[in-house]
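These notes are about the structure you will find just below.
Below, chain A is the first sequence line, B the second, and so on; all start at residue 1.
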2 protein chains.
Amino acid sequence: MLSPTGDTPRTPTRVLVIDDEPQIVRALVINLKARHYAVDAAHDGATALQLAAARHPDVIVLDLGLPDMDGVEVIKGLRGWTRVPILVLSARHSSDEKVEALDAGADDYVTKPFGMDELLARLRAAVRRAEPVPGGEDEVVVETADFTVDLAAKKVGRNGKDVRLTPTEWHLLEVLVRNTGRLVGQKQLLQEVWGPSYGTETNYLRVYMAQLRRKLEADPAHPRHFITEPGMGYRFER
Amino acid sequence: MLSPTGDTPRTPTRVLVIDDEPQIVRALVINLKARHYAVDAAHDGATALQLAAARHPDVIVLDLGLPDMDGVEVIKGLRGWTRVPILVLSARHSSDEKVEALDAGADDYVTKPFGMDELLARLRAAVRRAEPVPGGEDEVVVETADFTVDLAAKKVGRNGKDVRLTPTEWHLLEVLVRNTGRLVGQKQLLQEVWGPSYGTETNYLRVYMAQLRRKLEADPAHPRHFITEPGMGYRFER
DNA sequence: TCCGACCGTCAGGGTTCCGTCAAGGACGGG
DNA sequence: CCCGTCCTTGACGGAACCCTGACGGTCGGA
């Protein structure tokens with residue numbers, strides 16, 4: 001079928017594991033890394049939200065029983081700004097708990113103790129769903145007169161050579177390119193790239209927009225593709 | 001893969017239930033209809049595939065134990081042409097079965113006997129995931145003989161070229177266009193653009209209406225689209 | 001005809017916003 | 001432990017934008 005585990009992935013799928021029980025985390029991390037996932041782990045809700053914003057995982061495994069905050073609150077906190085798949089783990093078998101978590105925005109609910117094979121299969125299903133349509137309407141490669149952006153491979157080319165971008169530069173570029181032609185407000189840009197707690201630090205945008213332009217624009221002083229709309233935000237045009 | 005045929009925004013979610021046990025089907029149909037889903041039912045795999053193609057459901061509930069064909073084959077048959085969410089029902093608790101079904105393309109796996117509340121919650125989750133992004137490609141474009149306004153992209157075009165608007169100009173235009181054909185009072189205009197504490201500063205309106213007309217009207221001295229209603233307010237006509 | 005109310009136009013000044021540069025700190029690899 | 005990369009932060013000049021006041025024009029009523 002479609003890349004279950006074994007094949008060589010372009011970029012490894014990033015998983016964020018949130019659980020306060022060390023042995024569960026260890027088991028998950030070992031199994032995930034063996035299958036070439038990139039794994040981050042957090043043992044409380046606050047760290048989890050922070051890590052999610054910082055690392056932008058492709059899927060999240062969340063234990064509802066956290067020491068610092070209610071698991072449902074973590075779900076809501078994430079859903080406020082991202083649609084990343086969330087797979088909930090819980091010792092509670094109660095139907096109400098499941099309904100609450102799912103309606104808060106979770107994608108799946110697995111009760112402990114769980115079979116590792118099943119969990120991994122559900123994880124694959126969640127990731128697969130979130131993938132862009134392979135041959136479909138979504139354009140994966142965007143070309144301009146000056147450079148090329150491959151959203152799937154996370155690569156940028158210019159004059160036949162690869163351009164090296166830092167993680168933050170790439171995130172910023174990705175958000176802009178995914179909204180080609182549309183104006184993206186500075187607040188939205190900040191929240192999507194730096195996390196939901198940002199919104200006024202427009203100097204970040206100024207610095208990183210300058211770096212993108214320096215690396216990609218033919219004439220960085222007179223940008224043709226990364227256009228500033230004063231007081232509102234930025235717009236990518238190809 | 002939503003709304004394959006042209007339909008109106010508020011259509012009920014269409015569910016296709018595939019199960020050979022009449023009592024299960026009945027229970028599902030009753031519960032779903034009570035929640036305003038539109039339900040189709042099939043008792044075997046062949047009928048199911050046919051119905052899925054004919055009715056384009058928004059979500060499918062599939063029992064793996066069918067009389068005529070293996071449930072996994074049904075999943076593969078569906079996945080050959082659609083990404084519609086598939087929620088699998090099964091009496092088998094075996095981990096292998098789950099993994100096989102999920103890797104074949106199922107979105108979720110519920111073992112019988114199941115709680116109706118949980119099933120409905122998982123169904124909601126599956127449907128929600130498939131929804132297009134909320135702020136997405138609405139393509140709200142208003143055209144006049146002289147210019148074009150794209151509300152979603154915050155873009156204004158004239159003679160094929162983009163017109164640059166300042167934040168205040170854009171905001172004013174937005175309010176007027178959202179009330180196309182209707183008179184918008186000066187007080188309302190001031191409050192929506194400048195904030196609730198404004199209401200008498202009509203000179204602001206005069207200045208910014210003039211700028212909009214200069215940028216968008218073919219003959220700013222004799223406006224055709226931004227019409228003044230003396231003593232009352234302004235009106236946008238396309 | 002005079003007058004007042006209302007609107008359109010223009011230009012200057014204060015303020016906000018943006019691009020640029022550089023320095024300092026956090027982090028990870030050698 | 002050092003070094004390179006990346007992110008953050010502050011400062012500053014210049015550009016863009018918003019507010020403001022003044023003037024002239026039109027229209028209707030006294």
Separation of C:dG19 C1' from A:Leu212 CG (nearest whole Å)
14 Å
Between C1' of C:dC18 and CD of A:Glu201, the distance in whole Å
16 Å
Taking any heavy-atom pair under 4.0 Å as a contact, classify B:Arg164: base, sugar-phosphate, or nothing.
nothing
May I ask you to check whether B:Tyr208 and B:Trp194 place their ring centers less than 6.0 Å from one another?
yes
I'd like to know if A:Lys76 and A:Asp103 make a salt bridge, using a cut-off of under 4.0 Å between side-chain N and carboxylate O.
no
Side chains of A:Thr148 and A:Arg238: any donor to acceptor distance under 3.5 Å?
no
Using the side-chain heavy atoms of A:Arg213, tell me which of these nucleotides is nearest: D:dG21, D:dT9, C:dG19.
C:dG19
Heavy atoms from C-beta onward define the side chain here; which of D:dC6, D:dC18, C:dG19 lies closest to that of A:Tyr234?
C:dG19
Between D:dC7 (P) and A:Leu165 (CG): distance, integer Å
10 Å
NA contact type, B:Tyr198, heavy-atom cut-off 4.0 Å: base, sugar-phosphate, or nothing?
nothing
Distance, rounded to the nearest Å, where B:Leu172 contributes CG and D:dC19 contributes P:
12 Å
Of the listed nucleotides (C:dG19, C:dC7, D:dC17), which one gets closest to any side-chain atom of A:Arg206?
C:dG19
Roughly, in whole Å, what's the span from CG in A:Asn203 to C1' in C:dG24?
15 Å
Are the side chain of B:Asn179 and the backbone N or O of B:Arg182 linked by a donor-acceptor pair below 3.5 Å?
no
Whole Å only: how far is the CD atom of B:Glu217 from the P atom of C:dG8?
12 Å
Of the candidates D:dC19, D:dT8, C:dC7, the side chain of A:Tyr208 sits closest to D:dT8
Nearest-Å distance, CD (B:Glu229) to P (C:dC6)?
15 Å
Under 4.0 Å: is that the gap between some side-chain N or O of B:Thr166 and OP1 or OP2 of D:dC18?
yes
Categorize B:Gln211 for me: base, sugar-phosphate, or nothing, with a 4.0 angstrom heavy-atom threshold over every strand shown.
nothing
Report the distance from atom NE2 of B:His171 to atom P of D:dC19, rounded to the nearest whole Å.
13 Å
Between B:Trp194 and D:dC19, is there a contact of a side-chain N or O with OP1 or OP2 at under 4.0 Å?
yes
Which nucleotide, D:dC6, D:dC17, C:dC18, lies nearest any side-chain atom of B:Pro167?
D:dC17
5'-most by nearest nucleotide on DNA chain C - A:Gln186 or B:Met232:
B:Met232
Within the 4.0 Å heavy-atom criterion, would you say A:Phe226 contacts the bases, only the backbone, or no part of the nucleic acid?
nothing
What are the two closest non-hydrogen atoms of B:Glu217 and B:Arg158, and how far apart are they?
O-NH1, 3.2 Å
Should the ring pair B:Phe226 and B:Phe147 be called parallel, tilted or perpendicular, given that the plane angle runs from 0 to 90° and is split at 30 and 60?
parallel
Counting just side-chain N and O atoms, does B:Thr228 come under 4.0 Å of either OP1 or OP2 of C:dG8?
yes
